Trainee: 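Have a look at this one before I ask anything.
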Amino acid sequence: MSGHRLTLRQTPALRLDLRGVLPDTLAGLSVAEVERLPLACGRDLVPLAEWFTVEATPTADADTVAALHLVGDLSRVDHIGHQMASGRLRIDGPVGDGLGVQMRGGVIRLHGSARDQVGCEMSGGELHIDGDIGDFAASTLPGSMDGMRGGLLAVCGCAGDRLADRMRRGTVLVGGAVGDFAASRLVAGTVVLGGRCGVHPAWGMRRGSVLFADPTVAPMSLPGFVTGGGEMAVAWQLMARDLARHTDFPALADLPRRAVHRLRGDLAVDGMGELLFVT
Amino acid sequence: MSTIRLHGGRLHDPTNGVDGDVRDLVVRDGRIDRLAPGEPADESIDISGCVAMAGGIDLHTHIGGGKVNLARLLLPEHHRGGGDDPCRHVTPGTRDTGRRYVQMGYTAAFEPAMVATNARHAHMEMGDTPILDHGAYAMLGNDELFLQMLAEGAHPDEFRDLIGWTLHATKAMGVKVVNPGGISAFKFNQRRLNVDEPHRHWQVTPRQVVHTLARGLHALGVPHPLHIHGSNLGAAGNIASTLETIDALEGLPAHLTHVQFHAYGNEGPKKFSSAALALAEAVNARPQLSVDVGQIIFGHTVTASGDTMRQFANAGLANPRKAIFSDIECEAGCGVVPFRYREASYVNALQWAIGLEIFLLVRNPWQVVLTTDHPNGGPFTSYPHLIRLLMDRSFREEQLAKLHPEVAQFSALKSITRELTLQEIAILTRAAPAKLLGLRDRGHLGEGAAADIAVYRDDADRERMFTAPELVFKDGVLVSRAGRLTAEPVGGTHFVAPDYDLSFAQTLRRRHARHGSVNPDHLVIGHDELCACGRGGALLPVACLQGQDRGAP
C-alpha cells in the first residue's frame, strides 16, 4: 500500500488545523485529491496544497498499513492525528497543540517536540515522541470527565503540568522531568516518570500506579499518602519486566533488578492508588 | 407603504375565532391590515395548501441571564465535533437560539428567571439573540429584603411598592417566585421546605411568600400573574405542596410553571406515581389559573434552575457527574445539573407520561401553554415532536410502548383518546401565551396586530410540518423561508411599567444602606440603557390592567 509525504513549505502566520488528514483517509487518494483537501487556516478553509508539497511514497513492505509522513516546522499546525484509528504517521519537526487527541489506534512517531494536549482522551494506539511536550498531555479536553483511556504515550523528553490528569487506563512514560500536578485525579492506569516532578504529584489520585523510576528522586512527604500496604514482589516483577521492554527508555531496562518503596493514597479520595519509588 | 397579500391559506387565529377558514392576510408596514376595495397588493404570495398562524410565543424558556451561560460553560464537550449542526448543544449560543426558534415559526421568547442584580446581563444576552422579541420575569421571594419585610409584618402596600420598584428597575414582564423561601432556607441548612413549614431564620412560610407576591402583582395590575415554580420540585408526593400552593393564592390569579415537575404522587410499588389528574382537576376548577407543562423529552439535556435547594438534592443524578451551585448576592441562587432522561427509567418514563396527561386533561386550552422548560425538560428544538405527540394518538401510543414496561402498561395516558386540533395547538403555542402576558397585538392575526406570521405547509406528519414552516414573518419582514433564514432583524424588548409609590425608593435606599451590599440606584435600568442592552431593538412597553380587567381578587 502506498502512502504520502506532505512537506510544509513555510510556517503559516495563523494556526493551521490538520484534523482529518490521517494515514487511512489519505491512503486511497491520488496526489491531486490530497492537494485539494480543505484545511482550516485561521477562520478560512484553504486547499492543502496551499501549504504542503504532496508526494506519493510507495512503501516497500507488503503489509496493508497506510503510511503518512509529515515534514517541516509544524509548530503552528494543530490537531495532527486527531481521532486516528489506524495506520502509521511519522512526523519530522515540531508540532503544535492537540497531537493524537482521541486517537484510537495506529502508531504516531514524532521526531520533534509538541505543545499542549498531546494524546488527550486517547483510547488506543501508540504515540512516541522524541522531544518535549506541553501541558495537559494524556488528560481531558476541557469539560470532559475522563482523560486517557488506553494505549501508550511514550515521551523521551520533558512534559509540562497536569500530565495524565483524570487518566483511566493505558500507559504514560516520560523520560525527562514533568511539571506540577502530574497524574492528578488519576483514576487508573500506569504513569512512569523518569525524571523529577513538580509539586503535588498524584493529587486526588483514586487508583492506578505512578512510578518514580529515577532512584535519585527520594520518597517525598505527601499529604494524603501513607507508607505500606502488603506484599508486592510478584506484582512489581510483572510490572518491571513489562516496562523494561521499552527500548527507547534505557533507564527502564534495569527495573527488574531494583526494589521499590511504596506509598498508598490519595486518602482524601479512595486511597486505592500507589506511588512507587525505585530504591 | 408596501403591502404583502398572502392568499389561499387556512388561518388559525383563536383570539379572533378564526378556525381554519381560507382568508387573505394582508401585511402593511409591519402590521396586519386590510386592502381598500380595489387596492392592489405590492406583493402577492400564494399560500394555498398551507396553514397560517401568528408567530409562536414561548413564555418560559431559559435563554438569558447567568445560569444559561453556566450551563454552556459546564458542557464544552457538547460544542465539540458537532459537524454541521451547532445545535447539538442543548443550550445553544444566543445566535443559534434565535435562529432555531425562528426556523420553527416562533417570534417571541421569555426568560423566566432574571435576578435583579443580574438584569443587565439577562437583557444583553436576550438582545444578542436575533429576531426574537423577548422579555423576562424578575425573581422575588427569596431575597433577604423581601423575607425580612415579611418577617417584620410589613404593610401590603410596601410589598406592592417593592414589586413595582423591582419591575421598574429590572424592566421585567412579571415576577417569578422559585421554591418560595426555599432557596434562602437552603442557606440556613434546610434541605426541604413544605408550604406551611417556617423558614429557619425568618420564620416565614412559602404560603405567605406566594400569597404576598400574588396580591402585590394583582394590586399593580401587572397582566402576567405571579409565575410560580412551587415547592418540592421533582420530589415524589409533591402534588400535596402544589395543591397547597394553589390554596395559598386564595383565588388570586397565578401561572404555575413546569407543573409536570410538580404533579407527582407517592403511590404504587415505587412510591412514585402520576398526580396529573389531581392537578388538572384543580386547574379545571379555577379559571384564574394557568399552567405551562415543562414536558420532558428523552435524551441528554442540562437542568438550569434558580432552585438551588432542589438542584442540590438532584446533583447525585447528574450525567455526566458534574454540577454548579451558587448564591447570587443574597437575592436568589442557581443550580446547573446536566441530566439524561432515559426511556428505560421508570421515573423518567412516568415524567414523560405525566406531562402529556396534563396537556390532555386540562380542558380549557387557554389555561395551558406548551413548554419543555427549555433546557430543563428538553431543548426547545423538540417542540415539533411534542406537537405531534399531542395531535397524533397512534404516534403517542407507539412512543409509550417503547418506555419502561410498568409505565407503558399502567399509565393513564393509554386511556386518553384526546388529540389536540390545529386550533388548540395555535392556542397553546401563541394565543394563550400572548393573552397570559398581556400582549394585545401579538399572538393573533386580527387587524392592527404585529405581522408576526408563521405559514406551515399542511402535512399529516405534524412533526415535519412544525419543524420548518414555509414562511415566517417578523413584524412584516420575511425572516425564514422553508427553514432558511432570509433576514436577521433585531428583536424588541417587552416590559411592564406599573404605577407604584415612588417614595419607596427612599425606603429601599435606607434598608440597603443598612443591610445590603449594592446600591439600589445602580440596579435601575433606564430606557436608553435598555435600548442599548437590546442592541437598539424596539422597546415594547406592555400596558397594566386597570379596575375590572384585573379579574376577581
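Please read all numbers here as calculations on a predicted model, not as lab measurements. Keep in mind that the numbers below use all heavy atoms, side chains included, and drop hydrogens, waters and symmetry copies. Below, chain A is the first sequence line, B the second, and so on; all start at residue 1.
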Trainee: Which heavy atom in B:Pro320 sits nearest to a heavy atom in A:Met145, and how many Å separate them?
Mentor: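 Taking every non-hydrogen atom into account, CB-CG, 3.8 Å.
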
Trainee: Testing the basics here: between B:Lys322 and A:Ser144, what is the closest heavy-atom pair and its distance to 0.1 Å?
Mentor: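 Minimum heavy-atom separation between B:Lys322 and A:Ser144: NZ-N, 4.3 Å.
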
Trainee: Looking at residues at least two apart in the chain, or sitting in another chain, which of them share a side chain to side chain contact (heavy atoms under 4.5 Å, CB included) with A:Glu35?
Mentor: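 For A:Glu35, the residues satisfying side chain to side chain contact (heavy atoms under 4.5 Å, CB included) (neighbours in sequence not counted) are A:Val31, A:Ala49, A:Val54.
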
Trainee: Could you tell me whether A:Arg168 atom CZ has more than 12 heavy atoms of other residues or ligands within 6.0 Å of it?
Mentor: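 No, because the 6.0 Å sphere around CZ of A:Arg168 holds 12 heavy atoms or fewer from other groups.
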
Trainee: Would one find more than 12 heavy atoms of other residues, nucleotides or ligands at under 6.0 Å from atom CZ of A:Phe52?
Mentor: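 Enclosed.
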
Trainee: Evaluate whether atom CZ of A:Arg15 has more than 12 neighbouring non-hydrogen atoms of other residues, nucleotides or ligands under 6.0 angstrom away.
Mentor: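 More than 12 within 6.0 Å, yes.
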
Trainee: Do you know which two heavy atoms are closest between B:Pro76 and A:Gly143, and how far apart they sit?
Mentor: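 Shortest heavy-atom separation between B:Pro76 and A:Gly143 comes out as CG-CA, 3.3 Å.
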
